[in-house]
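Chain naming here is simple, since letters A, B, ... match the order of the sequence lines and numbering starts at 1 in each. Heavy-atom basis, side chains included; hydrogens, waters and symmetry copies ignored.
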Amino acid sequence: MSIEVDAGLYDYAQRPPRLPKATKPENDRLEIDLETRIEMFEMQQVLRQFEDRVYDLFMQNLVKGTSHLSLGMEAIATGVAKAMRPDDYTFATYRGHAHTVARGAPLGPVLAELLGRDTGILGGKGGSMHLTSVEHGMMGSYAIIGAHLCVANGAAWSAQLRGTDQVAVAFFGDGTTNIGAFHEALNLASIWNLPVVFVCENNLYMEYTPIDLVTAASNPAAGRAPAYDLEQIVIDGNDADEVYVTARVAIEKARRGEGPSLIEAVTYRHGGHSRADPGKYRPAQEVEAWMAHDPLPTYHQRLLRLGVNESRLSDIVHQVTDRVEEATAFAKAGERPGEHVLMTDVWADGGSSWRN
Amino acid sequence: MSIEVDAGLYDYAQRPPRLPKATKPENDRLEIDLETRIEMFEMQQVLRQFEDRVYDLFMQNLVKGTSHLSLGMEAIATGVAKAMRPDDYTFATYRGHAHTVARGAPLGPVLAELLGRDTGILGGKGGSMHLTSVEHGMMGSYAIIGAHLCVANGAAWSAQLRGTDQVAVAFFGDGTTNIGAFHEALNLASIWNLPVVFVCENNLYMEYTPIDLVTAASNPAAGRAPAYDLEQIVIDGNDADEVYVTARVAIEKARRGEGPSLIEAVTYRHGGHSRADPGKYRPAQEVEAWMAHDPLPTYHQRLLRLGVNESRLSDIVHQVTDRVEEATAFAKAGERPGEHVLMTDVWADGGSSWRN
Amino acid sequence: MAELSYREAVARGIAQEMRRDPTLVMLGEDIAGAGGVFKTTVGLLEEFGPTRIRDTPISEQAILGAAMGAAMTGVPVIAEIMFSDFLAVCFDMVANEMAKTRYMTGGQFTVPVVIRTANGGGVRFGAQHSQSVENWCMMIPGLKVVAPSTPEDVVGLMAAAVRDPDPVVFFEHKSLMATKSEVPDTEIVGKLGEARIIRAGTDCTIAALAFMVPRALEAAQRLAAEGVSAEVIDLRSLVPLDTQAILTSVAKTGWMFTVEENPRLCGWGAEVASIVAEEAFWDLDGPVTRITTPHIPLPAAENLEDLAIPSVDRIYETIKKSLG
Amino acid sequence: MAELSYREAVARGIAQEMRRDPTLVMLGEDIAGAGGVFKTTVGLLEEFGPTRIRDTPISEQAILGAAMGAAMTGVPVIAEIMFSDFLAVCFDMVANEMAKTRYMTGGQFTVPVVIRTANGGGVRFGAQHSQSVENWCMMIPGLKVVAPSTPEDVVGLMAAAVRDPDPVVFFEHKSLMATKSEVPDTEIVGKLGEARIIRAGTDCTIAALAFMVPRALEAAQRLAAEGVSAEVIDLRSLVPLDTQAILTSVAKTGWMFTVEENPRLCGWGAEVASIVAEEAFWDLDGPVTRITTPHIPLPAAENLEDLAIPSVDRIYETIKKSLG
Ligand SMILES: Cc1ncc(C[n+]2csc(CCOP(=O)(O)OP(=O)(O)O)c2C)c(N)n1
Ligand SMILES: Cc1ncc(C[n+]2csc(CCOP(=O)(O)OP(=O)(O)O)c2C)c(N)n1
Ligand SMILES: [Mg+2]
Ligand SMILES: [Mg+2]
């Protein structure tokens with residue numbers, strides 16, 4: 001065995017850190033009315049406090065199985081959801097709590113689902129990785145990499161066929177750009193001119209492996225866009241305003257029948273990939289720098305610069321805390337699912353019989 | 001159902017023809033010694049006459065099942081194989097007769113395989129779509145789109161690990177660029193810097209569907225190259241010299257450890273996709289133009305311009321005819337495979353038992 | 001009544017349902033402009049137009065993803081996967097997505113998708129284009145599985161599959177494409193989960209599917225000449241499975257035989273045999289016998305492929321030997 | 001002897017074989033730098049280096065293609081597919097390529113690949129990360145299938161799988177990862193196709209696999225208290241299948257039970273039941289009974305998942321009831 005690859009490469013924590021770009025000052029002047037911004041401030045607070053709570057409950061062994069948090073990535077779910085119409089479609093991954101909540105799903109039932117309660121948004125049958133709320137346009141969280149990009153095409157195709165002007169939005173990670181389904185989905189969306197927006201949440205890592213080590217393009221999503229006749233769009237995923245404005249443009253384009261877009265939003269996980277992963281494979285300096293590029297304080301500062309007074313913002317923060325407390329109480333109060341539901345809903349008739 | 005796609009689009013024979021580019025006169029002056037060119041003339045003759053014979057035998061119902069011919073595409077198999085070293089690896093598709101023969105597999109056993117005889121190169125067990133001759137570096141014909149691109153990576157990886165400087169070459173069609181495995185294979189080849197050359201035989205159609213209707217990039221292969229940090233290479237697939245020189249460069253690059261290449265060789269099927277398909281979905285003018293851009297007469301003319309005399313070339317043509325006749329006799333003389341082979345070679349121990 | 005080939009029946013069944021439901025669409029490779037590689041969709045583009053009959057790239061995952069996403073949002077879809085062997089390149093969509101999404105979401109989605117695919121051997125296409133893979137789908141909770149053996153059933157079960165709100169995998173057998181029979185001109189609507197007794201008998205029960213049905217029937221006729229009265233069941237549908245028809249027949253005959261084109265291990269016949277051995281054990285007069293393709297990939301050479309797939313002779317002899 | 005967890009045994013088995021064969025390599029997602037998502041490859045990068053232990057992109061088809069191509073050309077490979085559910089995204093490589101290439105080419109290729117994958121439920125991961133899919137592979141001719149239930153078998157069968165020249169799918173059970181037992185410090189080399197009688201008995205035979213083995217054993221112990229002597233067989237390997245062990249046991253006990261974690265239809269137990277019903281029919285004193293997960297996707301909620309997967313109680317009660 002001859003060729004040696006630098007073993008150092010594999011002590012990922014020792015690699016040169018990939019640092020965030022500074023928040024763009026000019027984004028203060030993006031055309032977004034103040035109330036919208038305040039709503040995005042609130043939503044980011046909700047997502048932050050909700051995910052913090054999920055982490056605590058996981059550590060208390062109340063959330064079973066696994067959970068993948070969006071801590072540090074709140075600006076993307078917030079900005080995109082804000083740019084969507086209530087009847088638009090969201091498709092997310094196992095890292096889908098934030099996208100589910102951002103579309104308006106109630107905190108209590110979402111949290112109850114993570115706790116495996118009958119009051120859960122899926123009755124306890126799906127769990128953390130499959131959050132779905134059709135009534136809120138949240139068309140599912142998909143736990144196997146790639147598939148949902150193809151499914152999102154289908155929802156967009158259906159909107160096209162039914163002549164509605166709904167748009168489908170699919171969120172996925174940087175690591176997902178290397179699986180076959182990504183390629184098939186983007187090609188089909190492009191040739192069929194589907195009203196779909198693909199949003200890559202590039203948090204620089206797949207599970208524990210740095211994305212640049214396994215990806216031929218330096219931008220995992222944008223670097224592939226020309227292969228599908230799409231524009232290359234890379235944005236600061238930690239600035240809700242930049243995300244919102246970019247999403248608004250892409251969604252309206254799709255709504256006008258002008259086809260799909262691929263947006264790469266660069267961001268970072270505050271915590272590990274899932275469960276109790278401490279994320280030790282990341283350079284300390286990198287983590288530090290991104291912690292300092294936290295979307296929430298940045299946004300808070302922006303709102304102060306735009307003249308919102310501190311008390312209004314802190315009121316919001318406290319109201320959110322109360323909502324998360326209520327949700328927690330609601331979730332904990334839920335019962336375990338009744339045994340009868342085990343055998344329901346395999347089929348549309350509500351049952352599961354495979355024989356006559 | 002609202003959106004209407006132009007139905008005319010679907011009468012593929014009525015679409016604007018996609019015409020060939022003229023043969024480049026300067027290719028007469030490519031640095032290739034004359035004997036090499038004469039060998040390539042001969043090989044193209046072999047492939048042409050062999051495939052013509054396969055077609056006849058299929059029509060006589062002696063070739064069972066299916067067959068996919070390379071008529072009109074001979075320059076690619078010829079030029080690439082000529083640039084390979086005996087210990088290099090070839091991976092082909094169901095359209096693999098030409099690639100198998102071009103690597104030096106004997107005509108008789110190849111033809112016998114198509115006739116399902118025990119003298120077949122696979123003993124009759126594989127048939128037309130799975131031609132393989134490991135002793136000639138022909139590592140298989142794969143009949144499910146995409147997979148073999150990933151397998152070719154493996155052979156290249158193995159060469160890299162074993163420290164040989166072997167190179168793997170994978171042939172595939174334009175339609176294959178839209179399947180997931182293509183994406184995964186090219187990304188891995190690029191990041192691992194594998195000694196593999198991907199050769200897209202772009203004959204403008206998948207089975208019966210024009211490639212441009214289903215592909216987001218105007219060049220199905222080259223249009224995707226940048227997504228894998230690869231150079232965009234598009235060549236005249238009907239000029240053996242251009243193919244040979246391009247392949248030589250790519251193969252030597254791989255041999256030097258400088259990584260993979262993706263070559264798009266534009267060509268055309270003289271006949272249908274498979275079996276008795278008359279190819280009626282193609283514009284008459286298009287077929288005509290490509291028939292006139294036939295790699296064989298073009299090459300014949302070039303050799304005359306380069307001073308080879310006609311008699312030498314016609315001698316070769318006749319010798320080839322004799323070889324194909326011999327091969328036909330050999331194939332027809334073969335017996336049906338013995339019944340005992342049905343249960344052999346599922347496992348390396350030669351058997352097929354699934355129980356103790 | 002008109003004579004129709006199995007191949008024509010596919011297009012007829014699809015057309016019947018597309019006329020009934022203007023929202024039904026179909027997609028697949030080479031199905032529109034070319035009428036399908038097996039010519040099973042000839043004429044559909046002309047009648048229903050390119051919006052409803054749509055050619056796709058070679059992207060099976062994208063095809064089934066599009067079908068699923070459209071179905072989940074109110075547009076029923078027929079998706080063609082050209083050869084059933086290719087279910088392997090999109091198996092995640094089949095086994096992990098379509099089949100599970102309703103259950104996982106507590107019933108929030110309904111997925112009215114029919115996956116049509118050419119299945120089975122006998123056409124000398126070799127190991128990668130000849131497989132019988134009904135069990136690949138039967139083993140997945142959340143999928144319904146149909147495999148008709150006659151032109152009339154092709155039409156009727158296509159209608160039943162399209163009208164069923166759940167994902168149905170519809171296997172069209174390559175070796176039956178050219179077979180013809182009389183089919184009523186009126187609308188035909190079959191029922192999933194209903195086997196058909198195609199020959200009544202008292203001495204043994206033979207369960208068969210698709211291409212194996214005519215062979216089982218012929219073997220039964222030869223057995224009759226020897227005084228053995230075999231009951232032949234065309235299962236038609238594997239999920240739902242008509243266990244009543246099977247158990248009722250075995251209760252009467254006492255002997256159970258399955259004729260399976262799939263390679264032996266974990267074929268549908270194993271499931272049927274296990275059901276009979278569990279629920280009809282006391283009715284049995286002897287061993288439950290499975291007649292299958294050996295557990296090998298299919299060879300390309302004519303004589304070898306014929307040797308591999310259960311033949312009338314093999315069915316006849318196996319049963320004769322068992323019944324002594 | 002040292003106490004080893006099932007999880008540690010995986011790394012131990014791989015290390016044993018990598019020391020023996022310097023050409024053996026391994027690839028997969030997050031296996032090198034991170035030691036694997038299930039921590040089953042901890043320490044291997046440090047000992048064998050990044051050339052032999054290699055992280056990949058999320059590209060399962062590329063992973064198995066690389067493994068197959070390398071194996072065909074003289075480099076044996078262990079490939080990790082993180083969760084067995086993901087075999088669906090690379091099923092073409094598994095079912096149509098690796099499994100068939102030797103047969104199709106008249107024996108020109110040998111494919112020494114081991115596909116390691118985390119299988120099974122009990123960890124509340126929901127329907128897409130909890131499946132028991134041994135039958136997905138058992139049904140494919142050309143694949144060998146192993147599923148150890150103890151740390152010692154993990155090491156021994158890993159060695160046997162690596163040394164086997166054919167493609168072997170090696171199922172590591174998520175719910176057994178933390179289980180520990182004493183394992184000899186010496187080299188351990190098992191054998192494919194050899195079941196183990198883990199409890200001798202005379203009244204009935206219980207065949208189980210992986211996570212179901214300890215449950216079957218506990219049920220047998222409870223039955224013993226009631227005077228029922230159950231023989232428990234840990235199949236360990238599905239292909240090759242130790243039919244001798246099964247048939248010998250049934251000949252003695254007259255009663256056959258299978259305990260399967262897979263959803264019912266076409267599970268490995270169906271195959272075993274059909275073999276028994278065909279070859280040991282005259283030895284049987286009563287119905288062949290399958291104890292399986294119902295034919296549903298697995299739910300995420302703790303109590304529902306526990307209800308779905310065969311429990312000691314269910315095994316115990318089913319057998320007690322049958323034996324009356
Ligand atoms: C087909 C498939 N392969 C592997 C996995 C295991 N897995 C789950 S998340 C993950 C990393 C995904 O990385 P990325 O796409 O960047 O998303 P992120 O988790 O960073 O948001 C992997 C490999 C999977 N779920 N599906
Ligand atoms: C996964 C898969 N899908 C579909 C097919 C059926 N099929 C065989 S050849 C072919 C067209 C391939 O077109 P291209 O890649 O351009 O190669 P060409 O036949 O033109 O040489 C198709 C769709 C297949 N073999 N495998
Ligand atoms: Mg990521
Ligand atoms: Mg082509």
What part of [X] lies closer than 4.5 angstrom to a heavy atom of chain B: side chain, backbone, both or neither?
X: C/T56; value: backbone
X: C/F86; value: side chain
X: C/V89; value: side chain

Query raised in the report: Given the options B/L122, B/I145, B/T176, B/T209, which has more heavy-atom pairs under 4.5 Å with chain C than any of the others?
Result: B/T209
Query raised in the report: Among residues 261-268 of chain C, which residues come closer than 4.5 Å to chain B, judged by heavy atom distances?
Result: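 Checking residues 261-268 of chain C against chain B gives C/R264, C/L265.
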Requested in this report: Take B/R336 and C/E302 through the side chain to side chain contact (heavy atoms under 4.5 Å, CB included) test and state the conclusion after the steps.
Outcome: CA-CA 8 Å; B/R336 312 173 125 214; C/E302 239 181 337; 3.9 Å; yes
Mind listing the side-chain donor-acceptor pairs of residues 345-354 of chain B below 3.5 Å, one per line with the distance, residues two or more places apart or on another chain?
residue : atom : partner : partner atom : Å
B/D345  : OD1  : D/R102  : NH2          : 3.4
B/W347  : NE1  : B/S353  : O            : 2.8
B/D349  : OD1  : B/G351  : N            : 2.6
B/S352  : OG   : B/M343  : O            : 2.8
B/S353  : OG   : B/R355  : N            : 3.3
B/S353  : OG   : B/R355  : O            : 2.7

Pairs under 3.5 angstrom only: tabulate donor-acceptor contacts from the side chains of residues 211-218 of chain B to other protein residues two or more places apart or in another chain.
residue : atom : partner : partner atom : Å
B/D212  : OD1  : B/R15   : NH1          : 3.4
B/D212  : OD1  : B/R18   : NH1          : 2.8
B/D212  : OD2  : B/R15   : NH2          : 2.5
B/T215  : OG1  : B/N178  : ND2          : 3.0
B/T215  : OG1  : B/I211  : O            : 2.7

Report task. Begin with the C-alpha distance, continue with both residues' side-chain angles, and end with the deciding distance and a verdict on side chain to side chain contact (heavy atoms under 4.5 Å, CB included) for B/Y208 and C/V37. Result -> CA-CA 9 Å; B/Y208 314 134; C/V37 164; 3.9 Å; yes
[atom1]/[X] to [atom2]/[Y] distance, rounded to the nearest 0.5 angstrom?
X: C/D55; Y: B/M206; atom1: CG; atom2: CE; value: 7.0 Å
X: C/I58; Y: B/E207; atom1: CD1; atom2: CD; value: 7.5 Å
X: C/H129; Y: B/T66; atom1: NE2; atom2: OG1; value: 8.0 Å
X: B/S128; Y: C/F125; atom1: OG; atom2: CZ; value: 10.0 Å

Query - B/Y205 versus C/D30, side-chain donor and acceptor atoms under 3.5 Å - result: no
Query raised in the report: Where do B/M129 and C/Q128 land on the side chain to side chain contact (heavy atoms under 4.5 Å, CB included) test, with the steps shown first?
Result: CA-CA 9 Å; B/M129 294 202 285; C/Q128 292 186 332; over 6 Å; no
Query raised in the report: Counting N and O atoms only, with roles assigned by atom type, does the side chain of C/N303 sit under 3.5 Å from a partner on the main chain of B/P337, one being a donor and the other an acceptor?
Result: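 Checking the backbone N and O of B/P337 against the side chain of C/N303, a donor-acceptor pair under 3.5 Å is found.
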Report summary line: B/S141 meets the side chain to side chain donor-acceptor pair (under 3.5 Å) criterion, sequence neighbours left out, with none
Query - Heavy-atom pairs under 4.5 Å with chain B, option from C/I53, C/L307, C/L298, C/V123 with the top count - result: C/L307
Query raised in the report: Just wondering, more than 12 heavy atoms not from B/Q60 lying within 6.0 Å of its CD?
Result: yes
